[in-house]
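Here is the structure we will look at, set down as structure tokens.
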Amino acid sequence: MKLYEMNTREKLKKLITDSLESIVGDVAINQITIEIPKSAEHGDYSSNIALQLAKKLRKNPRQIAEAIRGSMPHDTILEKVDIAGAGFLNFYLRSQVKQRIVVDILTKSDQFGAFDHGVGKKVLLEFVSANPTGPLHVGHGRGAAFGASLSNILKKCGFLVSREYYVNDAGRQTDILTVSVWCRYLELSGLEQEFPSKGYKGKYIKDLANLIKAKYGDRWLKQFQITNLPHTTQDDEMLIDLIIKEAKRLLGKDYYLLKKLSLESQLMTCKEDLSLFRVDFDGWFSEESVFSNGMVREICDRLNQGGYTDVREEAIWFKATEFNDDKDRVLKRANGDYTYFASDIAYHHDKYSREFDKLVNVWGADHHGYIARVKAALQGLGHNTDILEIILIQFAVLFRGQQKVPMSTRSGEFVSLRELIDEVGVDAARYFYALRKSDQHLDFDLDLAKAKNNENPVFYVQYAHARCSSLISKWNGKIEELTRFAQQTNLDQPDELLIMQKLAEYPDVLKKCCQDLVIHNVPTYLRELSHLLHRYYTATPVLSADEPERSARVSLVAAVKQVLHNGLSLLGVSAPDKM
RNA sequence: GUGCCCGUAGCUCAAUCGGAUAGAGCACCAGCCUUCUAAGCUGGGGGUUACAGGUUCGAUUCCUGUCGGGCACGCCA
């Protein structure tokens, strides 16, 4: 099925192409761009083709534009063609043609805005991937909101998207989680002592210890005093490692049971929070699995066979400098443990084996130094890193009014995603996160976000939607007949034409998002469309107008409502009928 | 110190792979509810796009340098 918006654009391109052929012959003109101008004064569509050809043809751009217009075949969709500015061709559509967008939207409903840019392309979108060692915080929330919205947009545009969460259920942090729970557990049993400074201090650890004690009893109860450790130390990092070692010795198999229970509990909380936040995943990829299935060893072997490894000071290094990284990187430590880097290579190696056309990673911006080494390793394994796209999400800097809120998962000083949701609601949080370009710092004022008043931009858009709904429900006509009304009566007031022009822009917004892998254009667009609707609502009577304008206007309002609904749903924000 | 990202209205941010007079929101000022939801609308002031050069018909956008901010530079994850 040909799409209306593509139709118009293709038609304009064809007109220009035909015209150019007749005046300049076979000049290479494969990239004619038809854009929607920022200002409605510049027409419904415009092209800068004359400016682009100016150098090649060694002619004044305005003259070229004149020539193009002069030999352009007449077409019924056009009201007029203007030449403006330095040599822009501005196309004005006849209002009846513009009005087709209303019919198009009402016909396609939820599918309006979709296009075939991504048809058949498989994309793996990995996001959040926070350590299951504590609740998700507001920093993770931004990545979650971004990934979920981006995947919605990509899907809408035909991409086959798999959403994946990489679960770091291996490594030192998971041991720290385990002994943190254990220490709290011992406290509960009356073995009070100073809590290790490098342990996780959040209240959730105590809650978890409580839960485990209530459910499983005293099986982890051992006589243990930090001060009685075989090698006491002043170094906090070494101390926590000693505790881990001692816990493993004292608890034996039960240590791993405690670890399993702790991780499962954290992961469950994480899944619940994400679900509440309307963020879903297709797969949860376990880091532990790439160890147990031998993948980590395999990729190390392969890098070794390629001659890309080195043994120095009893550790195995990957020669990342041979692939444009500034340092070589350790794969396997002197103590025999693999690094996080090694398992991450294995994970990405696995991604490649699953035959995606594009791999997208959404990472916290603090990981940017990590990109070069991962790409280097993947190149060492013979993979094409051009298909791997890494999007960095800057952390949200929290404020309570003027006061900056310090955040650190380990110290337990953070605002959880759950807390944010409870305070401001999912709608406001999702919209707020989507508002800004992800590679920009986001000042997140909690007091402002908590305030459920008109300061929050999500209400503006939702209110526009609610107003549309209200009009339609009071209209008392048959919804199925709206498309007929949209065709029968001309809507050619300036504000109506502006709305139709804006509606036609929606597919462009989604396309842009897919091309740039961004989402912030959606809220920007929704605000603009909402503004036009509010203005129309204030200035033009709809229900109190006479027929046939009355029903035709309702059809326009219905089209706006549909697009607002479509856009909000991509962002995971509800579109209420009443407010 | 080295690398990456960033610097746009008082504040928070946009600006369609180099395009037209750099746009919104908040804040400020002046107006609009006996009519479909005032969580709204209308009008107004506000800018050397950090600074200095360069590339060209044209630069917020690309290149170089300076200043300022963030992040990363671990046998942590």
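Side-chain atoms are counted along with the backbone in the values below, which use heavy atoms only and exclude waters and symmetry mates. In the text below, chain A, chain B and the rest are named by the order of the sequence lines, each starting its count at 1.
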Value in whole Å for how far the P atom of B:U12 lies from OH of A:Y433: 19 Å

Sequence-distant partners of A:Y92, ring-ring contact (aromatic ring centres under 6.0 Å, His included), two or more places apart: none

Gap between atoms OH and P, on A:Y370 and B:C75 respectively (whole Å): 12 Å

Distance in angstrom units between A:Q173 CD and B:A77 C1', rounded: 5 Å

Between C1' of B:G74 and CG of A:D326, the distance in whole Å: 14 Å

Output a table of nitrogen or oxygen pairs between the protein and nucleotides 42-45 of chain B separated by less than 3.5 Å.
from, atom 1, to, atom 2, distance (Å)
B:U42, OP1, A:R535, NE, 2.6
B:U42, OP1, A:R535, NH2, 3.3

Per-nucleotide pairing state of RNA chain B [Watson-Crick or G-U, under 3.5 Å; [ ] pseudoknot-crossing; | other strand]: (((((((..((((.....[...)))).(((((.......))))).....(((((..]....))))))))))))....

Write out a two-atom table: protein N or O, nucleotide N or O from nucleotides 28-39 of chain B, distance below 3.5 Å.
from, atom 1, to, atom 2, distance (Å)
B:C36, O3', A:K474, NZ, 3.2
B:C36, O2, A:L543, N, 2.9
B:C36, N3, A:V542, N, 3.0
B:C36, N4, A:Y537, O, 2.5
B:C36, N4, A:T540, O, 2.5
B:U37, OP1, A:S470, OG, 3.0
B:U37, OP1, A:Y537, OH, 3.3
B:U37, OP2, A:K474, NZ, 2.4
B:U37, O5', A:Y537, OH, 3.1
B:U37, O2', A:Y463, OH, 2.2
B:U37, O2', A:R467, NE, 2.9
B:U37, O2', A:R467, NH2, 3.3
B:U37, O4, A:M579, N, 3.3
B:A38, OP2, A:R467, NH2, 2.4

Atom P, compared across B:C32 and B:U37: separation rounded to whole Å: 22 Å

For B:C33, glycosidic torsion class - syn if within 90° of 0, otherwise anti: syn

Integer angstrom distance from the C1' of B:U56 to that of B:G19: 13 Å

Sugar-phosphate only, base, or nothing, as touched by A:E313 at under 4.0 Å among non-hydrogen atoms: base

Touch class at under 4.0 angstrom, heavy-atom based, for A:L392 against every strand present: nothing

Between B:C76 and B:G18 - C1' atom distance, rounded Å: 44 Å

Side-chain donor or acceptor of A:S289 paired with backbone N/O of A:S286 under 3.5 Å: yes

Sugar-phosphate, base or nothing in reach of A:A54, heavy atoms under 4.0 Å: nothing

Span that lies between the P atom of B:U48 and that of B:C11, in whole angstrom: 13 Å

Pairs touching residues 42-52 of chain A that satisfy salt bridge (charged side-chain N to carboxylate O under 4.0 Å, His left out), sequence neighbours left out: A:D44-A:K98

Pairwise C1' distance, B:A9 and B:U49 [rounded to whole Å]: 10 Å

Which residue lies more 5' along RNA chain B, comparing A:D516 with A:K327 via nearest heavy atoms: A:D516

Atom pair distance, as rounded to whole Å: CG in A:L263 and P in B:A77: 14 Å

Any N/O donor-acceptor pair, A:S46 side-chain to B:A20 base, under 3.5 Å: yes

Separation of the P atoms in B:G54 and B:G47, to the nearest angstrom: 26 Å

SB check A:K259 A:D169 (cutoff 4.0 Å): no

CA sep, side-chain torsions, deciding dist, call: A:D427, A:Q462, side chain to side chain donor-acceptor pair (under 3.5 Å): CA-CA 10 Å; A:D427 285 345; A:Q462 289 182 318; 3.1 Å; yes

C1' spacing across the pair B:C51 / B:G58, given as an integer number of angstrom: 22 Å

Main-chain N/O of A:F318 paired with A:R329 side-chain donor or acceptor, under 3.5 Å: no

Side chain A:Y165, main chain A:A130, donor-acceptor under 3.5 Å: yes

Gap between atoms CG and P, on A:D175 and B:A77 respectively (whole Å): 10 Å

Spacing of A:R329 atom CZ relative to B:A72 atom P, expressed in whole Å: 14 Å

Aromatic plane relationship, A:H367 with A:W363 - under 30° parallel, 30 to 60° tilted, over 60° perpendicular: tilted

A:D337/A:R172 ion pair, N-O < 4.0 Å: no

Heavy-atom donor-acceptor pair, A:W475 side chain to A:V554 backbone, under 3.5 Å: no

Atom-pair distance (CD on A:Q515; P on B:C17), nearest Å: 8 Å

base_contact_polar (B:G19 base, A:N48 side chain, donor-acceptor, <3.5 Å): yes

Protein-nucleotides 13-15 of chain B N/O pairs under 3.5 Å:
from, atom 1, to, atom 2, distance (Å)
B:C13, OP1, A:H441, O, 2.8
B:A14, OP1, A:K437, N, 3.1
B:A15, OP1, A:H520, NE2, 3.1

Any donor-acceptor N/O pair under 3.5 Å between B:C71 base and A:H368 side chain: yes

Sole residue of A:L303, A:T309, A:V330 in side-chain contact (heavy atoms from CB on, under 4.5 Å) with A:I316: A:T309

Ring geometry between A:Y338 and A:F291 (parallel below 30°, tilted from 30 to 60°, perpendicular above 60°): tilted

Over 12 foreign heavy atoms within 6.0 Å of CD, A:E314: no

Aromatic stack A:H42/B:A20: centroid gap under 5.5 Å, interplanar angle under 30°: yes

Touch class at under 4.0 angstrom, heavy-atom based, for A:N90 against every strand present: base

Side-chain (A:R62) to main-chain (A:G87) donor-acceptor, under 3.5 angstrom: no

Trace of the side chain to side chain donor-acceptor pair (under 3.5 Å) decision for A:E164 with A:Y347: CA-CA 12 Å; A:E164 195 160 282; A:Y347 172 44; 2.7 Å; yes

Whole-Å C1' distance, B:C73 and B:G25: 38 Å

Earlier contact from the 5' end, RNA chain B, for A:E35 and A:F88: A:E35

Sugar-phosphate, base or nothing in reach of A:R527, heavy atoms under 4.0 Å: sugar-phosphate

Aromatic centroids of A:Y525 and A:Y506 separated by under 6.0 Å: yes

